[in-house]
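Accompanying notes for the structure given below.
Here is how names work: the chains are called A, B, and so on, in the same order as the sequence lines, proteins then strands, and each is numbered from 1.
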2 protein chains.
Amino acid sequence: MTRRVRLSDVAALAATSTKTASRVINGHTKVGSDTRDRVEKAVRELGYRPDPLARSLRRGTDDTIGVVVDEVSDPFFASVIGEIERMALDRAMTVIVASTQRLVDREHIVIDGLLQRRVAGLIIASVSHDHAHLKAAPCPVVFIDRVAVNLDSDAVLVDDRAGARLGVDHLISHGHKRIAYLGDHLGIDTARSRLDGYRESLELAGIAMRDDYVIGMDPSLADGGQIVEALLATPEPPTAIFSANTRCSLRVLSTLHRLSRTDIAFVSFGDFAMADALTPPITVIDHSPESIGRLAADRLLRRMAGDEMPTQTITTPLHLVPRGSGELAP
Amino acid sequence: MTRRVRLSDVAALAATSTKTASRVINGHTKVGSDTRDRVEKAVRELGYRPDPLARSLRRGTDDTIGVVVDEVSDPFFASVIGEIERMALDRAMTVIVASTQRLVDREHIVIDGLLQRRVAGLIIASVSHDHAHLKAAPCPVVFIDRVAVNLDSDAVLVDDRAGARLGVDHLISHGHKRIAYLGDHLGIDTARSRLDGYRESLELAGIAMRDDYVIGMDPSLADGGQIVEALLATPEPPTAIFSANTRCSLRVLSTLHRLSRTDIAFVSFGDFAMADALTPPITVIDHSPESIGRLAADRLLRRMAGDEMPTQTITTPLHLVPRGSGELAP
DNA sequence: ATTCCCTTGGTAATCGATGTCACGGAGTGA
DNA sequence: TCACTCCGTGACATCGATTACCAAGGGAAT
């Protein structure tokens, strides 16, 4: 490994000072054109590239976006990150990912770690319930998927309530009255909002809500099967299931197919691969993780550029894709 | 934002020098126990945490693992990254992700960028065909999924040839002779190895290989449908398809279901969600992205710790999961 | 002609932590 | 008692880029 090329090497070759070389590289105007040319030539000849670490140390901020999610391997977050990374790369920024595994403590640790690293911006899918401490964050923060609490901040969300209403209304309009709700833990506020939508739809249709039809589960655990079996074994089983979470949908459908209970109507909040190839094909509420990533990154990059616009909560579009499973009669 | 706590603040409070404080923090032994106590107390009182950037600048290496993949949102790579990130977090290291989008130029750029940042190690799923330039890399490198060329390096791979043989042999043993191969671009060496396995299986069974049965496609593009339709519309269509790539499988199956051609036997290299819920359920060659991530990270961390063991190419286990689609008769 | 301003470039401090080296004092062997 | 080693300690230089401050030279204004 040859020795690293430093700014002073460039300056020496261009017969000027590091200060002037720095000015040229950072695009300052107050440099004589011949000096500028010499520096640029030297940069090219030596293949100089500024040391990002040294630069960050001095500037007090790193050209890096920190992304905090539940789990990198969750397809939803994977897509979000992919999009963020794409946008970052276009701007020669790097992306640091950190997962919380949905643990509040872990979230604090990773966010703290990222701030220590002086990231230029943060995109967070938070699992904690208070973000007041981020008021003093030294960099812009954009929340995704879940709102910020006690903090005025940008956020890019899915309209959970509306999405759930879309799905449940659809089932109701196809004659269902016994509709179960299966979703994430109710500790997650996304899940609560979706449950609110479900509740609202039932109320508007004059259907009484039954607690035994509402199930919150951990989508990463494999116990989905038993839960569904138990639900179907009750004296008055539901004729339709609204799954409020994509990963839950996968588990539930796997079980329904195993039990050959594909007569049960089904709507999934969130599309997934093969949804159209199942028998019957699965009706879904589609939302786009990519656009969440894009919007969040865009917002963050603007803030990082110094844009002082008022904070905004953006909701991404949402639509129902009827495919068959949601149109089954009771 | 309050001013950052520096090492010199700690040293001042402990009435010692920054050097000694540094010694305590980095766990050197040659420090008097009373001095050590004072420094530790000061660290606690001030809530001091070393600045990772400054430390990295001085040390010449950052506590960071760079991961280079085709695409972060690819479920395979997402799982790999998730596992690497998990292991890194346990060691208080951070993970920087960068995607190449399968472009060789882009790969060079991102790797170069990561080295500039002085990552402590690199995990690369490379798309380029020459890695000699990494001989001089200032940090350990582990290749995943695809081999290193012109470079003696650790690698964690799937045994592509063996996996393909497993799948194709299985189809042959169920009486198929007209077996199509559908996989990734043949520019990708993973795809070539799998094709080799396919070829080998056919040869051993005395089946002539037909060029019109071998299709390389870009799994990220949506043209899979037409390709499959064309394949099935030939005068002598295959009775079985071996899909050598998970994302190809998804596209192909979607098409087969749309065309109601579920009579065609099918084996997928790579498991996926809902494979067991399709009709018929899909027989797959299962391999675990998590274990690839884990093995690669483990190898890398050991190298980073200074382990000078000989380089090794690790292949992860692989097994066939018969579910139905691979056992259909011609 | 002299003062003043403005452009341009150099010197040195800074970011925060750590490696080098030297020093003072205690312990040891002669 | 003297020379020598060993240990704990701290002053200072260093990593590489940025920047506050200062200085010099040239042109314009009086």
Side-chain angles (χ1 to χ4, degrees), chain A residues 1-40 42-43 46-64 92 113 115-120 138, chain B residues 1-40 42-43 46-64 92 113 115-120 138:
Chain A
M1 185 69 175
T2 56
R3 202 176 61 79
R4 211 182 171 78
V5 180
R6 294 182 302 193
L7 185 59
S8 61
D9 300 327
V10 173
L13 183 59
T16 179
S17 70
T18 59
K19 164 69 180 171
T20 303
S22 170
R23 278 202 185 106
V24 172
I25 285 154
N26 292 55
H28 286 241
T29 47
K30 307 292 184 57
V31 177
S33 59
D34 51 338
T35 316
R36 172 181 304 275
D37 290 346
R38 283 206 317 281
V39 172
E40 282 169 352
V43 166
L46 297 173
Y48 169 77
R49 293 180 48 192
D51 184 317
L53 257 37
R55 169 179 281 192
S56 300
L57 174 63
R58 182 64 240 239
R59 287 204 186 151
T61 165
D62 197 0
D63 269 355
T64 291
L115 292 178
Q116 280 280 330
R117 285 196 69 95
R118 300 200 171 117
V119 292
Chain B
M1 185 69 175
T2 57
R3 200 175 63 78
R4 208 181 174 79
V5 180
R6 293 181 303 192
L7 185 60
S8 61
D9 301 326
V10 173
L13 183 59
T16 180
S17 70
T18 58
K19 179 59 205 175
T20 301
S22 166
R23 283 199 183 98
V24 172
I25 284 153
N26 291 60
H28 284 240
T29 46
K30 310 290 185 62
V31 178
S33 59
D34 51 337
T35 317
R36 174 182 302 276
D37 290 345
R38 285 207 315 282
V39 172
E40 281 169 354
V43 166
L46 297 173
Y48 170 77
R49 294 180 45 192
D51 183 319
L53 257 40
R55 171 179 278 190
S56 300
L57 174 62
R58 184 64 246 238
R59 293 227 262 237
T61 165
D62 198 358
D63 269 355
T64 290
L115 291 178
Q116 280 280 329
R117 287 196 69 93
R118 299 201 173 115
V119 292

Quick one: label Ser56(A) by what it contacts on the DNA or RNA (base, sugar-phosphate, nothing), any heavy atom closer than 4.0 Å.
nothing
From the list dT18(C), dG16(D), dG9(C), which nucleotide is the closest neighbour of the side chain of Arg23(A)?
dG9(C)
State which of dA17(C), dG16(D), dG10(D) makes the closest approach to the side chain of Thr20(B).
dG10(D)
From dA17(D), dC15(C), dT18(C), nucleotide with atom closest to Tyr48(A) side chain:
dA17(D)
Taking dC15(D), dT9(D), dC15(C) as options, the one with an atom nearest any side-chain atom of Val31(B) is dT9(D)
By nearest atom, which of the nucleotides dA13(C), dT18(C), dG9(C) is closest to the Thr16(A) side chain?
dG9(C)
Set of residues satisfying side-chain hydrogen bond (donor to acceptor under 3.5 Å, both in side chains) with respect to Asp63(A), sequence neighbours excluded:
none
Which nucleotide wins on minimum distance to the side chain of Lys19(B), given the candidates dA17(D), dT20(C), dA20(D)?
dT20(C)
To the side chain of Arg58(A), which of dG16(C), dA17(D), dT11(C) is closest?
dA17(D)
Side chain of Ser22(B) only, please: which of dT18(D), dG16(D), dT18(C) is the nearest?
dT18(C)
Contact check, side chains of Arg118(A) and Leu57(A), non-hydrogen atoms, under 4.5 Å
yes
Closest to the Arg4(A) side chain: dG16(D), dT19(D), dC15(C)?
dG16(D)
Whole angstrom value for the distance that separates C1' of dC15(C) from CG of Leu53(B)
10 Å
Walking DNA chain D from its 5' end, the first of Leu57(B) and Arg38(B) to be reached, judged by nearest nucleotide, is Arg38(B)
Is the shortest distance from a Lys or Arg side-chain nitrogen in Asp62(A) or Arg117(B) to a carboxylate oxygen in the other one below 4.0 Å?
yes
Starting at OG of Ser33(B), measure out to CD of Glu40(B) and round the result to the nearest 0.5 Å.
10.0 Å
